[in-house]
Amino acid sequence: MEEKNRLTKFLKKVKYFASLEDNALNLLRDKMQNVTFAEGEVLCNEGEPGNEMFIIDTGEVAVFKLGKDRIPVEVAILQEGDIAGEMCLFGQDRRSATLRAISETKAWVLDYLTFQRLSEKHSALSKAMLYSLSRHLRRETSIVAKLMSSDLDHRFKVAFFDSKPYTETAFEKYNPYDYVYKFFEPRLTQQTVSMAAGFKAVCAFVNDTLDTTTIEELAGLGIEMIALRCAGYNNVDLEACERNAITVARVPAYSPHAVAEHAVALILALNRRTHLAYNRVRDNNFSLKGMVGFDLYGKTAGIIGAGKIGQCLMNILLGFGCEIMVYTKPEDPSLTERPGVHLVELDELFAKADIISLHAPLTPETYHLINGEALQKMKRGVMLINTSRGALIDAVALLDGLKSGQIGFAGLDVYEEESEYFFEDLSHQVMADDVLARLTTFNNVMLTSHQGFLTAEALANIASTTIENIREFELGKRMGELTYSVVASD
């Protein structure tokens with residue numbers, strides 16, 4: 001009964017039904033079905049037969065219509081109280097637009113046969129729907145005008161996926177070429193790729209899925225460039241991009257200082273138990289039991305990967321008075337010009353380092369570089385830090401190392417299966433990943449949600465580099481260039 005009352009109040013707020021008498025409104029209410037659509041799910045496709053009307057209850061739905069060269073163009077966003085498909089109630093006609101949920105959406109659904117039976121008994125219902133039909137026609141006129149203006153707008157259009165408020169702020173501040181930005185919260189996947197219709201380029205992030213199928217769909221929509229706003233590109237099928245003549249560019253160096261400093265933040269917090277001390281004091285517990293750390297001065301830090309970030313970390317740790325062991329391929333003898341820096345093989349680094357920090361790109365050779373065998377070669381009680389790529393570490397082996405005490409501390413800003421969790425608020429859900437859930441229970445593990453890059457300076461650099469990459473493509477300077485033609489240097 002409570003849900004029925006809620007629906008009645010909801011329908012009274014919808015202008016299409018505001019003039020209905022309570023009796024007719026209740027009859028209509030009792031015949032509606034509440035349906036939930038997942039993010040990215042299609043409610044209906046343009047041109048297909050339809051016999052249902054949708055009233056958006058919660059969430060948002062994007063409306064696409066075929067534009068120039070039959071490429072779908074987003075023309076509207078439906079929100080709470082908006083109606084779609086009312087023409088289908090007057091005849092089982094073909095859909096005039098494609099509807100796709102851009103967030104989890106609940107909608108009230110009424111089908112053609114049910115409405116026909118109701119309208120035969122209640123003339124007021126028919127009159128109200130005729131009123132809604134006139135509004136529908138006016139709205140269709142405005143949509144067509146918008147569609148035409150979209151086709152006539154020749155500015156370069158970029159669709160941003162997996163967008164967050166800090167992403168939008170950074171890019172909106174940097175738009176010297178008057179590009180058209182459209183920010184989409186959902187990640188780019190096979191289910192959401194149609195949202196890229198009408199754009200020239202897509203801007204993707206680390207957890208977007210740019211596999212063969214998605215790339216082919218993008219090509220079919222007329223996408224000519226993928227602008228990655230990150231350094232990593234292991235989530236992109238580059239061969240599919242080459243086959244489909246899609247240019248790919250990335251941001252190889254946005255702020256190495258940001259990531260290196262975050263690695264140091266993890267080291268210091270774990271060593272001095274800052275996270276534990278913070279929680280204790282909030283509970284009025286001022287005991288220092290179990291809080292003993294160690295001096296960084298004189299300790300041996302092993303750095304795996306000596307690109308820009310690895311070298312920044314090296315400089316910071318030298319300032320603490322650490323001895324530095326570096327393993328990097330290809331070797332760079334110039335690194336040893338500074339006192340206290342030694343180029344070593346991996347096994348020696350494992351055996352001697354008190355702290356090991358990972359700064360290597362993810363490749364077939366570095367996948368699970370830190371596995372069970374590698375952990376056994378390390379000093380017992382070693383501190384392991386990863387701010388690079390989650391899959392550099394075999395997380396199951398890491399769990400075993402933590403339980404046995406072989407690993408004394410672990411600071412992780414990345415996780416192998418992070419794409420389902422990181423960057424999102426899932427506090428209302430049960431953690432389904434057993435390994436990730438177990439890692440959060442250790443008091444000698446610090447997990448952060450891939451935030452190493454998140455400084456104002458880094459965001460500004462990411463925005464400017466990404467847009468300059470797009471500008472070079474627009475001017476014909478990077479046509480057909482692929483990420484793998486750029487040296488991977490993190």
Side-chain angles (χ1 to χ4, degrees), residues 160 162-174 203-208 227-235 249-271 274-275 296 301-320 322 324 326 328 335 355-362 383-393 410-415 418-419 422-424 446-469 483 486-490:
F160 292 77
D162 197 11
S163 179
K164 299 293 185 289
Y166 47 82
T167 305
E168 298 169 18
T169 299
F171 278 89
E172 286 169 347
K173 285 182 178 178
Y174 192 84
C203 184
F205 199 44
V206 292
N207 289 327
D208 290 314
L228 298 167
R229 57 182 189 274
C230 53
Y233 52 89
N234 53 284
N235 58 328
R250 65 177 184 135
V251 184
Y254 38 86
S255 177
H257 303 284
V259 181
E261 289 169 10
H262 191 71
V264 174
L266 293 173
I267 292 170
L268 292 172
L270 285 166
N271 174 30
T274 310
H275 57 305
L296 287 181
I303 298 175
I304 298 177
K308 293 182 174 61
I309 297 173
Q311 291 186 45
C312 279
L313 180 64
M314 178 182 74
N315 292 333
I316 295 171
L317 293 180
L318 283 172
F320 278 100
C322 294
I324 306 296
V326 179
T328 188
L335 294 173
I355 302 165
I356 297 175
S357 191
L358 306 180
H359 301 283
L362 180 60
M383 178 183 289
L384 183 61
I385 304 294
N386 188 9
T387 56
S388 184
R389 300 290 180 268
L392 295 177
I393 297 179
L412 309 174
D413 189 47
V414 289
Y415 172 65
E418 70 178 54
S419 62
F422 284 19
F423 306 115
E424 306 299 335
M446 179 166 284
L447 276 165
T448 53
S449 184
H450 206 140
Q451 71 180 68
F453 76 99
L454 199 62
T455 66
E457 293 81 1
L459 289 171
N461 290 337
I462 289 169
S464 62
T465 303
T466 301
I467 297 307
E468 291 303 326
N469 285 343
T483 296
V486 181
V487 176
S489 177
D490 287 350

Can you check whether Gln451's main-chain N or O pairs, donor with acceptor, with Asp413's side chain at less than 3.5 Å?
yes
Side-chain donor/acceptor of Arg250 to backbone N/O of Ala231, under 3.5 Å:
yes
Quick one, Gln311 and Leu335 - any side-chain contact, counting heavy atoms below 4.5 Å?
yes
Val264 side chain near Leu313 side chain, heavy-atom distance below 4.5 Å:
yes
Looking at Val414 and Ser388, what are the two nearest heavy atoms and their distance?
CG1-O, 3.6 Å
Going by heavy atoms in the side chains, are Arg229 and Phe453 under 4.5 Å from each other?
no
Would you sort out whether Leu412 and Ile393 count as a side-chain contact (heavy atoms from CB on, under 4.5 Å), showing the intermediate values?
CA-CA 10 Å; Leu412 309 174; Ile393 297 179; 4.0 Å; yes
Mind checking whether Phe422 and Val206 have side chains closer than 4.5 Å, heavy atoms only?
no
With no hydrogens and no angle check, is any side-chain donor or acceptor of Asn234 less than 3.5 Å from a backbone partner on Leu362?
no
Can you tell if the side chain of Ile385 reaches within under 4.5 Å of the side chain of Ile267, non-hydrogen atoms only?
yes
Angle between ring planes, His450 versus Phe205, binned at 30° and 60°: parallel, tilted or perpendicular?
tilted
Output, in order, the C-alpha distance, side-chain angles, deciding distance and verdict of side-chain contact (heavy atoms from CB on, under 4.5 Å) for Leu268 and Leu296.
CA-CA 9 Å; Leu268 292 172; Leu296 287 181; 3.7 Å; yes
Test side-chain contact (heavy atoms from CB on, under 4.5 Å) on Asn461 and Val251 and set out the steps.
CA-CA 9 Å; Asn461 290 337; Val251 184; over 6 Å; no
